[in-house]
Amino acid sequence: MYKAASARLLLRSLSSASSVPGKSRLAAPSARAALSRPCAAWVGRAGLARAAGTGPCFAGARAQIGAAVPAVERFQRRMATQATEHAFKNILTSLPKPGGGEYGKFYSLPALNDPRIDKLPYSIRILLESAIRNCDNFQVTTNDVEKIIDWENTSPKLAEIPFKPARVLLQDFTGVPAVVDLAAMRDAMAKLGSDANKINPLVPVDLVIDHSVQVDVARSLNAVQLNMELEFSRNKERFGFLKWGSSAFQNMLVVPPGSGIVHQVNLEYLGRVVFNTDGVLYPDSVVGTDSHTTMIDGLGVAGWGVGGIEAEATMLGQPMSMVLPGVVGFKLTGKLRSGVTATDLVLTVTQMLRKHGVVGKFVEFYGEGMGKLSLADRATIANMSPEYGATMGFFPVDHVTLDYLKLTGRSDETVSMIEAYLRANRMFVDYNEPQTERVYSSYLELDLDEVEPSMSGPKRPHDRVPLKDMKSDWHACLDNKVGFKGFAVPKDQQDKVVKFDFHGQPAEIKHGSVVIAAITSCTNTSNPSVMLGAGLVAKKACELGLEVKPWVKTSLAPGSGVVTKYLLQSGLQEYLNQQGFHIVGYGCTTCIGNSGDLDESVSAAITENDVVAAAVLSGNRNFEGRVHPLTRANYLASPPLVVAYALAGTVDIDFEKEPIGIGKDGKEVYFRDIWPSTEEIAQVVQSSVLPDMFKGTYEAITKGNPMWNQLTVPEASLYSWDPKSTYIHEPPYFKDMTMSPPGPFAVKDAYCLLNFGDSITTDHISPAGSIHKDSPAAKYLMERGVDRKDFNSYGSRRGNDEVMARGTFANIRIVNKFLNGEVGPKTIHVPTGEKLYVFDAAMRYKSEGLATIILAGAEYGSGSSRDWAAKGPMLLASSSTQIGVKAVIAKSFERIHRSNLVGMGIIPLCFKAGEDADSLGLTGHERYSINLPTNLSEIRPGQDVTVTTDNGKSFTCTLRFDTEVELAYFNHGGILPYVIRNLAQN
């Protein structure tokens, strides 16, 4: 048998110059993919080969390696023939119904008769089933199946596998650029002389318009309608474009605006748990373009966030290439104490897992404590997987899952089918039965009884602060030097009180005053316990005579209409309204930066007196500059705590010792007086959260709303681009594209565009919030007649590459070492020493024909999965391989962002362990050459690459192309050109 390495050498030569008669050079990646994976008989385990029903490989394989290119063509024909008969047809099994007949057929894992499968984590079994079902010995081979079965041994070796998710999940901020790219790809296909309609999703795509709720109007019974009208006036063009996409592209469901937050809608409605497609049953699995797609893991559906470009390739039938992950087994015991919330639990879990180190891994929860956690509690923990760094936090399906499916309106027959399939395929956990011990890569354990009330902040979600320590931690933050836990406020300024006039009423704020209190975010609004708990806090406060100060911007943004129904059913919405927590809309709000403006008097008091103001929100992200430009301290908390801190008006308080306020009887009111017990909350949940609420809400969801239904859109399959549009613009990715891949490139004498430290997030790289009035993006919009009041947000303009390129690195809180402590979206143009906006500096380098690189520290690209954080830097370059941003050199990368950089043709490099820019004496003023081979056959995933500077320094980095497929993308200049060339030639 020949070795895969030999095949790779042949394929590398093909990638650069194919001579197959009648074939373009595009054939190379397909051939390379075929030959880089062995066929069935090479698996090495007779049992698996027999189960697969495969025979020996074609005769003379060894002799043909290195032979003439037509051998590759013969091999491809052979593989195409094999693909017509499924490799695992022998384990396709019927699933009978209890009363006769069958639900359908499924690929049975028990039929493989392999004892290793019983020890696999449940999350890995989902990858295994997908590989078996999609095995065609081309995109997915029996060798890939064997790697997954042998996970215990192959995972530590970082084995590469392909994965084909069952569906793709989008929301509008990422959905618009995805549909823009699909539309542009159709145009590119047409220009290449191919059928443009080949560009269509091949797997179900669910697109929920949920990031459109800007909290312009708060503290009003009419807030929902008023905010919706404002959003439609701002976003009519975007909404119309998405409505066009829902009809122009097959297999795409668009959920209209005003329906809820994508992840809650996914949990309550879209999640299938088990698919039944053309009579074949298989587990639901999903990749989404928002990192909190992981929320669905709480339902037992394997899901995680990917870059928009990777999602687009998945839509178009490309398998995801991923490293077979390690799995951390997280055992839960005991139960939460009274008064402790799921939010407290997830903040504790986040801190534990951050400390343990789970980047790039699955976390799978198990243990006797699982039965004490509601499905909503599980979803809360799963939601924050990005914050603890895991690819997903998975809860296998059990009886709690089935009860939730019934509660949320799934039919009894559907739930019975789900249970029958998962039991038959050993994917169901029944804690009433003896458990087979599963193998995990590492283990953690938490006694739920040890969890205590907590918050996280002031700048990172994993900086947990026990509630009892909040006051002392706040004072430490005021004292500490500027950093993740510090504001460096001088001692003599810490007690300063600023008095101002609030619409004729005397008001005052100081450091730590709460100016935003928001019940928001998919993390918590899907959980009836904490939402109704917030209502109980408001009720008790009203009864005692406490009231939130009017200058605190309060808001409530439910994740679905169901929340409103049970808050009304319980009678608690009335009390939330009295405290200013009126419903402002259904979708992502404060957590994504859609906080809206503060009152002008509050803004002036903060800015003119340099007050460190605070926001308290029930979200999952609190990076500085994300929630609101004027709230430098941002704390994550449960919804009941959000109400409590809104009432207190400050984070500078010890709830155990200090009163929250004075009641109507003149007596001091303490935290304990308004905090509900777990039993109180459970009673309200039991009486208020009813199945008919879910059924009624989601039966109406696809009908849309009057404003959506009135949108008229063209019926053409090719989009008519409006060159004057500032929302939707044809991107330049495919300009001058030919059928020949550009090939790899080295980087020579590049300047450093930006020099960063640790924890540069996607919010820093590509902000989603407001567009600053003096920014390059603002200048672009004003030049096109857009008034400042109509700027909208960066997130809303992701369909326009011109705006987003100018918004790249535009965060007002970004820290660039070039600026010596100054924060903001500027950098130094090294040749002249001139300080410029980052976009302007990039354009200067581009006009001078110069390449640039970015230096960074650890966790570069952490935060929300955001394709524009990679598209933006790519657009600061040009089609030339020697102009613009060509590489990022960092201590480490966040998983999704690294993948996105690869997808856009940017080289990711990691310093060696123990090294960084500072330890190597790099100032960023040097010129950098990256000695990467320009011959694809000489590049390997993860190989060492030498970087030299013009002042004589030399250091070695690790090339973070992690798989062969990623090298193929690099060869083509990115994932989208790769897909277009493949589709155009087939």
Side-chain angles (χ1 to χ4, degrees), residues 164-192 194-211 235 237-257 259 262 265-266 270 272 275 277 286-290 293 306-320 701-702 704 708-709 711-722 725 727-731 733-734 798-801 867 903 975-984 986:
K164 286 196 165 187
R167 60 190 172 98
V168 171
L169 182 70
L170 306 173
Q171 38 76 262
D172 57 315
F173 271 14
T174 51
V176 168
V179 178
V180 165
D181 288 350
L182 290 176
M185 291 172 76
R186 276 193 172 176
D187 287 348
M189 288 283 282
K191 290 173 183 175
L192 290 172
S194 189
D195 181 6
N197 289 321
K198 287 182 179 179
I199 303 294
N200 256 317
L202 299 179
V203 299
V205 175
D206 300 322
L207 195 161
V208 181
I209 302 177
D210 78 334
H211 275 48
N235 297 295
E237 186 179 355
R238 275 197 324 127
F239 293 165
F241 177 70
L242 290 176
K243 192 171 183 180
W244 168 80
S246 68
S247 59
F249 296 102
Q250 301 169 9
N251 228 3
M252 181 182 290
L253 168 69
V254 175
V255 178
S259 303
V262 57
V265 174
N266 193 23
L270 297 173
R272 282 74 154 177
F275 268 88
T277 303
V286 58
V287 292
T289 52
D290 186 273
T293 300
V306 296
I309 25 212
E310 197 171 9
E312 291 164 29
T314 301
M315 289 182 221
L316 295 167
Q318 296 295 307
M320 286 176 50
I701 201 170
T702 55
W708 172 263
N709 294 336
L711 292 174
T712 57
V713 297
E715 297 181 358
S717 62
L718 293 178
Y719 188 69
S720 297
W721 305 97
D722 179 0
S725 172
Y727 277 102
I728 307 297
H729 185 263
E730 184 176 10
Y733 313 133
F734 315 117
R798 285 182 182 174
N800 187 307
D801 59 278
D867 56 335
I975 191 171
L976 299 182
Y978 170 86
V979 170
I980 288 176
R981 290 187 180 102
N982 272 282
L983 288 173
N986 292 326

Legend entry - Point-to-point distance, once rounded to the nearest 0.5 Å, from CD1 of Ile309 to OG1 of Thr174: 12.0 Å
Legend entry - Side chains of Val176 and Ile728 in contact at under 4.5 Å (non-hydrogen atoms): yes
Inset, instruction - State, yes or no, whether a side-chain contact exists between Tyr733 and Pro977 at a heavy-atom distance under 4.5 Å. - result: no
Legend entry - Pairwise distance OG1(Thr289) to CD(Glu310) - rounded to 0.5 angstrom: 11.5 Å
Inset, instruction - May I ask you to decide if Val255's main-chain N or O and Trp708's side chain share a donor-acceptor pair within less than 3.5 Å? - result: no
Inset, instruction - Identify the heavy atoms of Leu207 and Gly175 that sit nearest to each other, and give their distance. - result: CD1-CA, 3.9 Å
Inset, instruction - Show your reasoning for whether side-chain contact (heavy atoms from CB on, under 4.5 Å) applies to Tyr727 and Asn800. - result: CA-CA 5 Å; Tyr727 277 102; Asn800 187 307; 5.8 Å; no
Inset, instruction - With Pro165 as reference, evaluate Val286, Val306, Thr314 under the side-chain contact (heavy atoms from CB on, under 4.5 Å) test and give the passing residue. - result: Thr314
Legend entry - Heavy-atom check, side chain of Val254 versus side chain of Ile209, under 4.5 Å: yes
Inset, instruction - For the residue pair Val208 and Leu270, establish whether any side-chain heavy-atom pair is separated by less than 4.5 Å. - result: yes
Legend entry - Student check: side-chain heavy atoms of Met315 and Leu170 closer than 4.5 Å: yes
Inset, instruction - Could you go through the side-chain contact (heavy atoms from CB on, under 4.5 Å) check for Trp244 and Val179 one step at a time? - result: CA-CA 10 Å; Trp244 168 80; Val179 178; 4.2 Å; yes
Inset, instruction - Answer yes or no: is there a side-chain heavy-atom contact under 4.5 Å between Pro201 and Val168? - result: no
Legend entry - Point-to-point distance, once rounded to the nearest 0.5 Å, from CG of Asn709 to OG1 of Thr712: 12.0 Å
Legend entry - Nearest heavy atoms of Val203 and Ala166, plus distance in Å: CB-O, 3.9 Å
Legend entry - Minimum heavy-atom distance between Val180 and Pro731, given as atom pair plus value: CG1-CD, 3.5 Å
Legend entry - Minimum-distance pair of heavy atoms, taken over all atoms of Ala183 and Phe249: N-CZ, 3.9 Å
Legend entry - CD-OH distance between Gln318 and Tyr978, expressed to the nearest 0.5 angstrom: 5.5 Å
Inset, instruction - Locate the shortest heavy-atom distance separating Ala184 from Trp721; write the atom from each residue and the value. - result: N-CZ2, 3.8 Å
Legend entry - Set of residues satisfying salt bridge (Lys or Arg N to Asp or Glu O under 4.0 Å) with respect to Asp801, sequence neighbours excluded: none
Legend entry - Check: Leu711 main-chain N/O paired with Lys243 side-chain donor or acceptor under 3.5 Å: yes
Legend entry - Nearest heavy-atom neighbours spanning Ala313 and Val979: CB-CG2, 4.1 Å
Legend entry - Heavy-atom side-chain contact between Leu253 and Arg167 under 4.5 Å: no
Inset, instruction - Supply the atom-to-atom distance Met189 CE to Leu718 CG, rounded to the nearest 0.5 angstrom. - result: 11.0 Å
Legend entry - Candidate pair Asn200 and Asn251, rule side-chain contact (heavy atoms from CB on, under 4.5 Å), full reasoning: CA-CA 8 Å; Asn200 256 317; Asn251 228 3; over 6 Å; no
Legend entry - Flag side-chain contact, heavy atom, 4.5 Å: Ile199 against Leu316: yes
Inset, instruction - Measure the spacing between CG of Asn266 and CD of Gln171 and express it to the nearest 0.5 Å. - result: 12.0 Å
Legend entry - Side chain Asp172, main chain Asp210, donor-acceptor under 3.5 Å: yes
Inset, instruction - Only pairs at least two apart or in different chains count here, so list each salt bridge (Lys or Arg N to Asp or Glu O under 4.0 Å) that has a residue in residues 174-183. - result: Asp181-Lys871
Legend entry - Set of salt bridge (Lys or Arg N to Asp or Glu O under 4.0 Å) partners for Arg186, sequence neighbours left out: none
